[in-house]
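Counting starts at 1 for both ligands and their atoms, following the listed order.
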Amino acid sequence: MQKLSKSAELPAGVQAPTIQPANFKAGILHIGVGAFHRAHQAIYTEDAMASEGGNWGIIGVSLRSRDIVDDLRSQDMLYSVTTRDAQGDHIRVVGSIVGALAASVEAEAVLRQLADPEIRIVSLTVTEKAYGLDPASGGLDRNHPAVAHDLQNPHNPTGAIGFLVEGLARRRLAGDSPYTILCCDNLPSNGDVVKKLVLDMARERDPSLSEWIESRATFPNTMVDRIVPAAAQDTRDRAAGLLGVDDTLALETESFIQWVIEDNFVSGRPAWEKAGALFVDDVAPYEKMKLRLLNGSHSLIAYLGQLHGLDYVRDVMAVAKHRERVRQHMQIAAKTLDPVPGIGIAVYIDDLLSRFANPTIAHRTAQIAMDGTQKLPQRIFSPAVDALQAGGDIGGFAYVTALWLAFVLRQDRLDDPRSAELLRAARASCASANVSDRLQPFIALPGLFPAALANSPLWRNTLIEQMNALDAEL
Ligand code: CS2
């Protein structure tokens with residue numbers, strides 16, 4: 001079958017790119033051009049350019065995979081996104097990506113783009129673990145492989161923070177303005193977090209570089225939301241059926257999409273509000289709501305699914321007692337939130353329950369279960385700390401933590417940057433004779449639990465109770 005390309009004729013019913021990519025120059029460099037970015041920011045950007053113009057084409061950079069870059073090049077940077085829900089399928093071809101680079105083999109080309117003043121925004125979706133954040137200090141983790149490498153080799157970076165800093169250093173040397181750094185990963189205060197990491201790394205090179213970045217660059221916080229499962233062969237087959245051509249990069253997602261952003265850009269931005277993005281002064285209440293209600297429940301669903309042999313989120317939601325657990329979890333997590341302007345929490349919760357149950361979306365519980373050490377702090381442990389301090393209900397948060405530990409205890413290998421430590425702790429835990437000692441090897445892992453939990457007898461006892469209850473249940 002012929003491949004998707006700019007000369008492919010798209011059948012009626014397929015929404016063609018809303019802009020002519022060739023008419024737009026690049027203004028954004030995006031690091032992490034995976035499924036989420038392509039089904040979220042790339043669409044907002046295309047719609048914003050269609051509505052208000054502006055040279056905001058995206059150069060998609062992949063830090064590790066070359067395949068995605070090769071695939072984009074072989075399809076003239078085009079790919080399709082199908083939204084699926086009760087209303088049926090709607091497919092569009094997206095044209096906002098105007099170039100692609102694989103940083104592992106084209107690092108200098110990436111740095112040249114970062115140094116080019118036409119690039120006014122550098123955005124990122126590289127997943128939580130790629131930043132090299134030390135959970136205990138909130139600063140740079142010097143043992144993180146990319147951080148360690150980039151501190152030693154600042155001019156030849158391999159990691160996200162290293163590229164950002166070297167790009168900014170080149171701008172400063174040339175007398176140009178810095179770019180806005182826009183983190184779109186699911187981290188609390190994601191802009192503030194990345195700012196601290198960038199400043200930490202820059203300070204190691206040259207304190208005056210760090211001062212320049214601090215006074216000139218901006219790092220708006222953002223909340224991003226859209227459920228975008230990793231594509232499977234089914235996804236590509238369905239897309240080929242609708243497009244009449246092959247699309248190696250085809251994606252499927254829900255129709256829901258949300259982006260809340262702080263409006264603090266150094267040299268302009270696309271008119272993302274024309275595409276539905278919400279600009280606010282403070283993203284924190286939105287992001288807390290999303291991380292604790294959506295992502296926290298997602299982790300609950302993922303471990304329930306993994307422990308009960310349920311492959312997809314929708315399968316977990318189809319079991320009444322699990323669905324009820326999820327609803328209860330959202331209700332106790334909602335008690336830890338601040339008021340969110342313009343959003344009714346009860347409606348938000350109902351919407352989440354139906355989004356998770358969407359029978360047309362095949363979102364693997366295994367995908368969400370990955371990287372627990374990177375996800376649970378903001379999704380489960382932080383609300384647990386808030387609930388503990390407010391004398392509230394911590395049982396639900398202890399339950400998700402116990403599910404995660406039960407999952408870890410049952411694995412021979414784990415997808416998690418701290419897998420070796422976790423599996424060692426799991427072996428020690430299994431070997432302990434006394435049930436109340438089973439938690440200790442995990443509590444002893446540095447920075448795994450926030451101190452407010454690790455040092456709380458109430459939290460530890462509740463967690464042990466939940467671990468024992470689960471043993472009886474599983
Ligand atoms: C999920 C998120 O994989 C995960 O951990 O919880 O990717 C989730 O689907 C998105 O944040 C939804 O916006």
Side-chain angles (χ1 to χ4, degrees), residues 32-44 81 83-85 123-131 183-190 221-232 235 251-261 276-278 283 286-306 310-317 326 329-330 333 340 343 348-349 351-358 360-383 400-401 403-404 407 414-417:
V33 64
F36 183 77
H37 169 75
R38 286 184 281 123
H40 187 268
Q41 185 184 335
I43 288 185
Y44 276 102
V81 175
T83 47
R84 310 197 75 210
D85 49 32
S123 50
L124 304 102
T125 44
V126 288
T127 78
E128 298 89 340
K129 65 177 170 234
Y131 289 96
C183 174
C184 297
D185 274 296
N186 286 317
L187 289 163
S189 308
N190 52 10
N221 291 303
T222 67
M223 180 269 252
V224 295
D225 190 7
R226 187 168 226 190
I227 291 172
V228 189
T235 321
L251 295 172
E252 287 175 349
T253 182
E254 57 181 348
S255 41
F256 182 93
I257 188 163
Q258 192 174 36
W259 199 9
V260 187
I261 314 166
L278 184 64
V283 161
Y286 296 89
E287 151 190 283
K288 210 185 216 187
M289 169 188 75
K290 194 261 173 169
L291 286 170
R292 294 181 179 192
L293 296 187
L294 189 155
N295 297 109
S297 307
H298 243 178
S299 293
L300 161 62
I301 294 168
Y303 299 119
L304 276 174
Q306 288 295 294
L310 300 165
D311 285 342
Y312 297 104
V313 170
R314 63 189 180 200
D315 302 341
V316 177
M317 294 302 284
V326 175
H329 180 82
M330 292 192 201
V340 191
I343 294 190
Y348 186 81
I349 289 179
D351 288 349
L352 280 183
L353 291 169
S354 41
R355 289 171 65 194
F356 290 161
N358 185 343
T360 62
I361 296 293
H363 199 184
R364 286 194 177 278
T365 52
Q367 186 186 343
I368 305 167
M370 281 169 36
D371 295 342
T373 59
Q374 311 296 300
K375 294 176 175 176
L376 294 192
Q378 52 277 16
R379 299 176 178 203
I380 303 296
F381 304 155
S382 295
V400 184
T401 310
L403 278 175
W404 172 56
F407 166 76
L414 271 177
D415 262 318
D416 191 297

Within-4.5 Å side-chain heavy-atom neighbours: F356 and V316: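 Not touching, per the 4.5 Å side-chain cut-off.
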pair P377-E128: side-chain heavy atoms closer than 4.5 Å: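 Not touching, per the 4.5 Å side-chain cut-off.
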Would you tabulate the side-chain donor-acceptor contacts of residues 298-305 under 3.5 Å, counting partners in other chains and residues two or more places apart, or write 'none'?
unit_1	atom_1	unit_2	atom_2	d
S299	OG	N295	O	3.4
S299	OG	R379	NH1	3.1
Y303	OH	A369	O	2.9

Euclidean distance, L251 CG relative to I43 CD1, rounded to 0.5 Å: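 I43 CD1 to L251 CG: 8.5 Å, rounded to 0.5 Å.
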R355 with D225: basic N within carboxylate O range, under 4.0 Å: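 Yes.
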With the criterion set at N/O pairs under 3.5 Å, what does the list of contacts between the protein and ligand 1 look like, atom names and distances included?
unit_1	atom_1	unit_2	atom_2	d
ligand 1	5 (O)	K375	NZ	2.9
ligand 1	5 (O)	R379	NH1	3.2
ligand 1	5 (O)	R379	NH2	2.9
ligand 1	6 (O)	N295	ND2	3.1
ligand 1	6 (O)	H298	ND1	2.8
ligand 1	6 (O)	R379	NH1	3.3
ligand 1	6 (O)	R379	NH2	3.4
ligand 1	11 (O)	N186	ND2	2.9
ligand 1	11 (O)	K290	NZ	2.7
ligand 1	11 (O)	N295	ND2	3.0
ligand 1	13 (O)	D225	OD1	2.6
ligand 1	13 (O)	R226	N	3.0
ligand 1	13 (O)	R226	O	3.3
ligand 1	13 (O)	K290	NZ	3.1

side-chain contact (heavy atoms from CB on, under 4.5 Å) assessment of D85 paired with E254: CA-CA 6 Å; D85 49 32; E254 57 181 348; 6.0 Å; no
